[in-house]
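Please read the structure below before turning to the comments.
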Number of protein chains: 2
Amino acid sequence: MIPRPTITQLAAQLGVSPSTVSRAFTRPDLLRTDTVDRVLAAAQAVGYVPNNHARALSTGKAGAIGLIVPDIANPFFPPLIRAAQNHATAAGLAVFLADSDENPDREERLIIAMAPQVEGLLVVSSRLPSSRLRDLSGRYRLALVNRDVGGTFRVLLDATSAIHAALSHLAGLGHTRIAYVGGPERSWSNRQRRAAVEKRSRELGLHFMSYSAGPGTYEAAKALSRTVVGNGATAVIAFDDVLAHGLMGGFAEEKVDVPGDVSIIGCDDALATTTFPPLSTISFRVDEAAAEAVHALTAHSSPGTLPATRVAFEGSLVLRGTTSTPRRD
Amino acid sequence: MIPRPTITQLAAQLGVSPSTVSRAFTRPDLLRTDTVDRVLAAAQAVGYVPNNHARALSTGKAGAIGLIVPDIANPFFPPLIRAAQNHATAAGLAVFLADSDENPDREERLIIAMAPQVEGLLVVSSRLPSSRLRDLSGRYRLALVNRDVGGTFRVLLDATSAIHAALSHLAGLGHTRIAYVGGPERSWSNRQRRAAVEKRSRELGLHFMSYSAGPGTYEAAKALSRTVVGNGATAVIAFDDVLAHGLMGGFAEEKVDVPGDVSIIGCDDALATTTFPPLSTISFRVDEAAAEAVHALTAHSSPGTLPATRVAFEGSLVLRGTTSTPRRD
DNA sequence: CCTTGTCATGCAAACGTTTGCAGAGAAACA
DNA sequence: TGTTTCTCTGCAAACGTTTGCATGACAAGG
């Protein structure tokens with residue numbers, strides 16, 4: 001690790017001014033092409049890499065965005081992180097990642113600490129109260145994902161219509177008693193999904209039951225499985241695939257057959273076909289959502305805070321192997 | 001997003017010099033305590049946050065480390081990422097995350113691009129050839145995780161002894177035909193684990209069979225399940241839990257009972273108890289490994305590249321529900 | 001041949017910190 | 001009271017870029 005060469009050294013070595021070297025990287029169109037080539041070749045030779053901090057200081061642009069998720073271990077987030085990463089890289093930006101550990105205080109501290117150092121912050125599935133988010137959104141460049149707060153820039157994965165389709169499908173199969181098994185109470189998605197299931201159940205004249213798998217873990221859902229079938233539900237919609245999977249784990253232990261005895265539909269399509277039977281679920285175009293959010297952050301048309309825009313992507317129902325006609329007793 | 005206050009503005013407002021404000025943050029012991037209080041209070045009031053880029057430029061310390069993983073969607077990595085994150089934060093450092101997408105070229109480009117901007121790089125489960133890693137390690141501050149390359153700093157999760165224990169256990173149950181289902185060929189862990197299974201099988205006089213689930217995905221393993229039992233294996237050790245899970249998926253479809261017909265042991269303990277039956281596996285103290293690596297990166301005793309130290313953490317066998325006596329035909 | 005314009009490059013200031021050095025008091029000592 | 005030591009603070013240079021402005025060379029147009 002020899003101290004790395006600076007633009008000045010490279011310039012001296014080439015007999016040009018530092019500005020020329022700088023421009024060879026940032027505004028090559030201003031230089032003669034052979035000058036550019038010469039500089040680039042020399043840079044390559046001595047292993048020159050521009051110092052990002054100096055650049056950021058000079059331009060006022062950070063060259064990075066931040067990404068905050070509540071729990072990186074939840075399989076829903078990694079694909080989103082990867083997508084954000086790819087789009088950021090394409091825009092020439094690096095990504096700072098932070099995990100709020102489902103803790104609102106920690107999340108807020110992270111936002112305050114990171115926001116000044118980056119172009120903007122992608123806040124995914126925030127657990128903060130709406131008022132705080134609105135406030136923070138007024139002070140920093142935030143793009144919310146999966147959280148609908150008026151007055152902020154937000155991109156939403158909207159399960160409503162897919163849930164309607166799911167319930168129509170279940171009703172069509174003959175199910176009449178539907179359970180919703182919810183996740184983290186601070187999650188906007190959870191509230192939205194529960195409301196959608198309830199509303200649509202009423203519309204279709206189905207009996208609706210609501211449960212909550214507190215922390216939203218596999219184990220919590222598994223522990224709930226007995227209760228859910230005990231109360232007579234023949235179909236359950238879970239907040240996400242992790243909970244759906246937990247329920248399946250519980251049912252397997254109790255010899256409750258899926259989909260024979262009970263149908264299950266998850267959400268997020270985070271598990272692909274890794275369950276047995278393969279889980280029916282609601283799938284989102286996560287990559288596009290991430291692209292939208294990153295793009296908003298990097299579009300410097302707005303020098304200040306982001307416009308209060310609401311972008312929604314609808315999910316789609318994908319039926320695999322966990323839904324069928326209810327067993328007639 | 002009003003332009004944020006600088007140290008100079010804060011200083012002017014307080015009637016002190018910028019150095020004093022700077023020291024209030026970095027070397028408060030050099031100032032009178034009431035001066036420190038006054039500065040901190042004013043900073044708090046106007047919302048001053050030090051500019052990290054300026055600081056980095058001035059001190060030459062980046063205030064961040066980089067983290068490169070081959071596939072963030074593989075459940076083995078998120079816990080590791082989180083652990084690294086936490087330890088870095090504790091040391092006052094942020095974390096740049098990048099995903100090499102299992103692509104060696106991309107991985108190398110990432111290392112070269114990121115290394116100069118950070119204090120050091122955590123390279124997890126590298127897919128690069130040893131020679132490249134040795135070379136890069138000589139030029140940048142790298143800490144390898146899960147890759148044993150002489151001449152570099154590396155922390156290893158060593159499955160050998162746990163695999164020995166696993167095979168002893170299986171042999172004790174009466175198994176005689178053992179299969180190893182491997183993952184990515186570029187993975188050091190994969191080679192290490194295969195070798196350990198093979199060696200121990202010979203020692204115990206067991207019949208050893210080796211398979212490879214090419215890309216190391218759930219689907220690839222699932223597709224292999226028929227072949228594996230077809231060839232008479234009664235117990236299989238999988239490269240990791242994802243593959244073990246894939247095999248279980250395949251067995252479930254083919255009505256091969258686990259553990260009745262075939263016993264399975266995974267590795268990494270990435271799935272906890274979310275399979276049915278709960279997967280027996282090999283567990284590692286990932287948090288400690290991450291701590292070790294981050295600590296090495298942040299310990300600036302060595303200003304240049306890291307010492308060529310090898311730190312190994314042994315895994316331990318955890319038996320859950322996928323191992324039992326082989327069925328006697 | 002002079003003017004005007006274009007193109008490629010250089011000069012120097014600025015970005016917001018940190019930090020070695022120096023200086024002003026105040027305190028301690030003789 | 002004079003000297004020394006200590007504590008606190010300020011000055012100014014440095015970190016490595018970028019970029020507005022100025023300049024010189026050269027070509028084109030008259």
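Proteins come first, then strands; the chains are lettered A, B, ... in the order of their sequence lines, and each starts at number 1. Just so you know, these numbers use all the heavy atoms, side chains as well, and skip hydrogens, waters and symmetry mates.
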(request) Using a cut-off of strictly less than 4.0 Å, decide whether Arg55(A) has a side-chain nitrogen or oxygen near OP1 or OP2 of dT18(D). (result) yes
(message) Looking at Asp101(B) and Arg106(B), is there a salt bridge between them, counting it only when a charged N and a carboxylate O are closer than 4.0 Å?
(response) no
(request) May I ask you to say what Tyr48(B) touches in the nucleic acid, namely base, sugar-phosphate or nothing, with a heavy-atom cut-off under 4.0 Å? (result) sugar-phosphate
(request) Measure from the side-chain N and O atoms of Arg147(A) to the backbone N and O of Leu128(A), and report whether any donor-acceptor pair falls under 3.5 Å. (result) yes
(message) Between Ser17(B) and dG10(D), is there a contact of a side-chain N or O with OP1 or OP2 at under 4.0 Å?
(response) yes
(message) Measuring to OP1 and OP2 of dT18(C), would you say a side-chain N or O of Arg27(B) lies under 4.0 angstrom away?
(response) no
(request) Return the value, rounded to whole Å, for the distance between atom CG of Leu57(B) and atom C1' of dA14(C). (result) 12 Å
(request) Can you tell me the distance, in whole Å, between the CG atom of Asn51(A) and the P atom of dA14(D)? (result) 18 Å
(message) Between C1' on dT18(C) and CG on Leu10(B), what's the gap in Å once rounded to a whole number?
(response) 16 Å
(request) Take the protein atom CZ of Arg32(B) and the nucleotide atom P of dA24(C), then report the distance between them rounded to whole Å. (result) 18 Å
(request) Flag the pair Asp287(A) and Arg82(A) as a salt bridge only when some basic side-chain nitrogen lies within less than 4.0 angstrom of an acidic carboxylate oxygen. (result) no
(request) Take atom NZ of Lys61(A) and atom P of dT19(D), then tell me their distance rounded to the nearest Å. (result) 9 Å
(message) Nearest heavy atom decides the nucleotide; on that basis, is Val36(B) or Ser58(B) closer to the 5' end of DNA chain D?
(response) Val36(B)
(message) If you compare every side-chain N and O of Ser19(A) against the phosphate oxygens of dT18(D) (OP1, OP2), does one of them come in below 4.0 Å?
(response) no
(message) Quick check on DNA chain C: between Arg23(B) and Gly15(A), whose nearest nucleotide comes earlier from the 5' end?
(response) Gly15(A)
(message) Would you say Ser22(A) places a side-chain N or O within less than 4.0 Å of OP1 or OP2 belonging to dT18(D)?
(response) yes
(message) What is the distance, to the nearest angstrom, from the CD1 atom on Ile7(A) to the P atom on dT18(D)?
(response) 5 Å
(request) For residues Leu306(B) and Tyr140(B), determine if any side-chain heavy atom of one lies less than 4.5 Å from a side-chain heavy atom of the other. (result) no
(request) Round to the nearest Å and state the distance from Gln117(A) atom CD to dT17(C) atom P. (result) 10 Å
(message) Just the rounded figure in Å: distance from C1' of dG10(C) to CG of Leu30(A).
(response) 13 Å
(message) Using OP1 and OP2 only, check whether a side-chain N or O of Thr8(B) sits under 4.0 Å from dG16(C).
(response) no
(request) Ignoring backbone atoms, test whether Thr59(B) places a side-chain nitrogen or oxygen under 4.0 Å from the OP1 or OP2 oxygen of dC15(D). (result) no
(message) Less than 4.5 Å apart, side chain to side chain, heavy atoms only: is that true for Arg132(A) and Glu108(A)?
(response) yes
